[in-house]
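Below is one structure; the comments refer to it alone.
Residues take their numbers from the sequence shown, with the count starting at 1.
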Amino acid sequence: MDESRLFKPLKIGNIEVKHRIGMAAVSRCRADDEHVPTELMKQYYCQRASVPGTLLIAEGSLISKERGELLSVPGLYSPQQTAAWKSIVDEVHTKASFIFAQLYTIGRAGYREVNDGKDFEFRGPSASPWRADTRTPKAMTTTEIKDNVRLFVQAAKNAVKAGFDGVEIHGANGYLIDTFIQDVSNQRDDEYGGSIENRSRFAYEVIKAVAHAIGINRVGLCLSPWSTFQGMRMKDDDTISQYTDLIKKADKLGIAYIHLIESRNAGLDDVPENRRLDFAYSIFKGPILVSGGYTTELARKLVDEQHPERDIAVMFGRYFTSNPDLVFKVQQNVEFTPFNEEDFIYSKSSKGYTDYTFSDEYLGSLNVLTQLLS
Ligand SMILES: Cc1cc2nc3c(=O)[nH]c(=O)nc-3n(C[C@H](O)[C@H](O)[C@H](O)COP(=O)(O)O)c2cc1C
């Protein structure tokens with residue numbers, strides 16, 4: 001029997017996972033042109049749910065077409081999307097695993113080539129582009145901000161209708177919520193900017209409103225305090241003060257979890273950074289999900305040696321793309337199949353998506369695994 005805390009159950013909101021290895025949200029762009037999840041996506045999620053008791057965070061789902069468009073990512077704003085997600089969620093539950101929806105809107109982080117020629121306007125907290133060759137967003141009015149809170153709420157209700165175990169509010173990686181949190185993208189001088197408390201306000205309002213609509217136990221929050229992806233990252237001291245404020249508020253509300261991304265990850269890439277998340281570990285008392293550059297060895301070290309006192313689940317992103325049986329491989333120390341960046345996105349094909357095979361070790365020990373986790 002593996003004694004690592006990675007294989008101890010953990011209560012996260014309304015669910016109890018059977019182990020502490022999960023799948024982080026990774027956009028794979030296999031939805032249809034109306035942002036409706038596809039049968040191919042069902043197959044993909046089912047494969048990754050195959051070790052019972054696993055928590056999957058589904059890839060980011062748009063809360064509205066008007067507020068953000070990215071090629072072939074799914075949405076959760078229409079009845080068709082909700083119904084299609086439901087059939088995926090049902091299959092994951094049949095496998096005795098769990099799945100949260102991730103809700104986001106891209107804000108300023110869109111790409112010119114995808115959006116040019118479409119009836120769509122980039123919006124953000126301020127008129128500040130994230131790179132010289134990206135569009136300058138329109139600074140949102142207070143009414144537009146409140147509208148967005150409502151869109152998050154509606155998408156969260158749709159997620160519950162689809163049977164998701166909860167929703168993860170995407171406050172990371174330079175998308176709309178993150179751009180409100182950080183001063184590099186938020187230069188407002190109204191109640192949504194200009195001070196730590198004001199920059200936290202939009203995220204806090206979204207969390208509170210979503211929690212009010214679907215229950216606090218169903219709400220998680222994803223943050224990437226140190227990430228430089230899509231033009232983000234404040235000065236070190238400011239980062240700690242800003243995120244301390246928001247995480248304290250999330251802790252006080254009692255949300256199901258926070259999900260923190262390590263500094264060594266910047267979106268799709270590894271970067272040579274070692275800023276620490278410990279400041280956040282000491283504030284948030286509930287379960288903490290962590291992702292960014294984890295391997296079997298680092299995951300075991302984190303939960304067994306570095307933070308044995310905390311309830312931490314380690315989320316894998318890229319390695320889950322190429323290892324449908326990743327949880328088994330961590331447990332049995334089986335080498336991971338390398339991921340291939342060219343497969344990640346922008347293809348509607350099953351190639352590099354659902355054609356990664358289960359290891360011989362997994363296939364040969366299905367019975368043993370069932371016993372270990374029962
Ligand atoms: C292709 C790709 C798409 C991603 N899409 C999302 C997403 O939709 N939502 C999100 O919060 N993070 C997204 N991420 C970040 C991952 O969730 C994760 O934090 C990151 O890959 C670091 O973990 P890893 O080192 O295990 O891959 C994405 C990463 C990649 C490589």
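- Looking at Glu16, its side chain never comes within 3.5 Å of a backbone N or O of Lys11 through a donor-acceptor pair.
- Remark: Arg218 does not engage Asp165 in a salt bridge, criterion side-chain N to carboxylate O under 4.0 Å.
- In this model, a donor atom of one side chain and an acceptor atom of the other lie less than 3.5 Å apart for Arg108 and Ser128.
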* Show your reasoning for whether side chain to side chain donor-acceptor pair (under 3.5 Å) applies to Tyr257 and Asp311. => CA-CA 10 Å; Tyr257 68 82; Asp311 281 332; over 6 Å; no
* Asked: Between Tyr294 and Tyr319, does a ring pair (Phe, Tyr, Trp, His ring centres under 6.0 Å) hold up when you go through it step by step?
  -> CA-CA 9 Å; Tyr294 279 94; Tyr319 275 126; over 10 Å; no
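- Side-chain rings of Phe320 and Phe316 stay apart, their centers remaining 6.0 Å or farther from each other.
- Of the candidates Arg300, Arg20, Arg310, Arg20 is the only one forming a side-chain contact (heavy atoms from CB on, under 4.5 Å) with Arg5.
- Of the candidates Val36, Asp32, Asn158, Leu62, Val36 is the only one forming a side-chain contact (heavy atoms from CB on, under 4.5 Å) with Gln81.
- In this structure, Arg28 forms no cation-pi arrangement with Tyr45, as its terminal cationic atom is not both closer than 6.0 Å to the ring centre and no more than 45° off the ring axis.
- Enclosure of atom CG in Asp189 is not indicated, since only 12 or fewer non-hydrogen atoms of other residues, nucleotides or ligands lie within 6.0 angstrom.
- Using modelled atom types, one side-chain atom of Ser4 and one backbone atom of Leu6 make a donor-acceptor pair closer than 3.5 Å.
- More than 12 heavy atoms of other residues, nucleotides or ligands sit less than 6.0 Å from atom CD of Glu191.
- Annotation: side chain of His19 is in contact with side chain of Val51 (closest heavy-atom distance under 4.5 Å).
- Between the side chain of Trp130 and the backbone N or O of Gly174, no donor-acceptor pair lies under 3.5 Å.
- A salt bridge (Lys or Arg N to Asp or Glu O under 4.0 Å) with Asp343 is found for exactly one of Arg318, Lys351, Arg30, namely Lys351.
- Residue Asn265 comes nearest to Gly292 through the heavy atom pair CB-CA, 3.9 Å, listed as atom of the first residue, atom of the second, then distance.
- Between Lys42 and Glu39, at least one side-chain N (NZ, or NE/NH1/NH2) sits under 4.0 Å from a carboxylate O, which counts as a salt bridge.
- Note that the CD1 atom of Ile88 and the CG atom of Leu40 stand 9.5 Å from one another [nearest 0.5 Å].
- A donor-acceptor contact closer than 3.5 angstrom is absent between the side chains of Tyr353 and Gln47.
- Here the side chains of His35 and Pro74 are not in contact, with every heavy-atom distance at 4.5 Å or above.
- Two residues are said to be in side-chain contact when any heavy atoms from C-beta on lie closer than 4.5 Å; Val26 and Glu59 fail this criterion.
- For the pair Lys249 and Tyr204, the distance from NZ or CZ to the six-membered ring centre is under 6.0 Å and the angle to the ring normal is within 45 degrees.
- Within 6.0 Å of atom CG in Asp355, more than 12 heavy atoms from other residues, nucleotides or ligands are found, so the atom counts as buried in its surroundings.
- Counting non-hydrogen atoms of other residues, nucleotides and ligands closer than 6.0 Å to CD of Glu309 gives a total above 12.
- Side-chain atoms of Gln187 come within 3.5 Å of backbone atoms of Asp183 as a donor-acceptor pair (strictly under, hydrogens ignored).
- Looking at every heavy atom in both residues, Gly60 comes nearest to Ala25 through N-CB, 4.3 Å.
- Ion pairing between a basic and an acidic side chain is recognised when a charged N comes within 4.0 Å of a carboxylate O; Glu144 and Arg123 show such pairing.
- A salt bridge does not link Asp237 to Lys235: none of the charged nitrogens lies less than 4.0 Å from a carboxylate oxygen.
- Nearest heavy atoms, Asn323 versus Thr337: OD1-N, 2.7 Å.
- The number of heavy atoms from other shown groups lying within 6.0 Å of NZ (Lys301) does not exceed 12.
- For the pair Asp251 and Lys248, the salt-bridge criterion is not met [side-chain N within less than 4.0 Å of a carboxylate O].
- What you find for Ile216 and Leu253 is that their closest heavy atoms are CG1-O, 3.3 Å.
- No donor-acceptor pair closer than 3.5 Å links the side chain of Arg233 to the backbone N or O of Ser227.
- Scanning all heavy atoms of the two residues, the minimum distance from Ser97 to Ala49 falls at OG-O, 2.9 Å.
- For Phe152 and Tyr104, the distance between ring centers is not under 6.0 angstrom.
- Side-chain atoms of Gln230 and Tyr175, non-hydrogen and from C-beta on, do get closer than 4.5 Å to each other.
- Looking only at atom types and distance, the side chain of Arg199 has no donor-acceptor partner in the side chain of Gln182 under 3.5 Å away.
- Here the closest non-hydrogen pair linking Thr239 and Pro225 is CG2-O, 3.4 Å.
- The side-chain heavy atoms of Arg48 and Thr54, taken from C-beta on, include no pair separated by under 4.5 Å.
- In this structure, Thr105 and Ile177 have side chains that are not in contact, with every pair of non-hydrogen atoms separated by 4.5 Å or more.
- Residue Lys8 places its NZ atom among more than 12 non-hydrogen atoms of other residues, nucleotides or ligands, all under 6.0 Å distant.
- Contact annotation: the side chain of Phe284 never approaches that of Leu260 to less than 4.5 Å [non-hydrogen atoms, C-beta and beyond].
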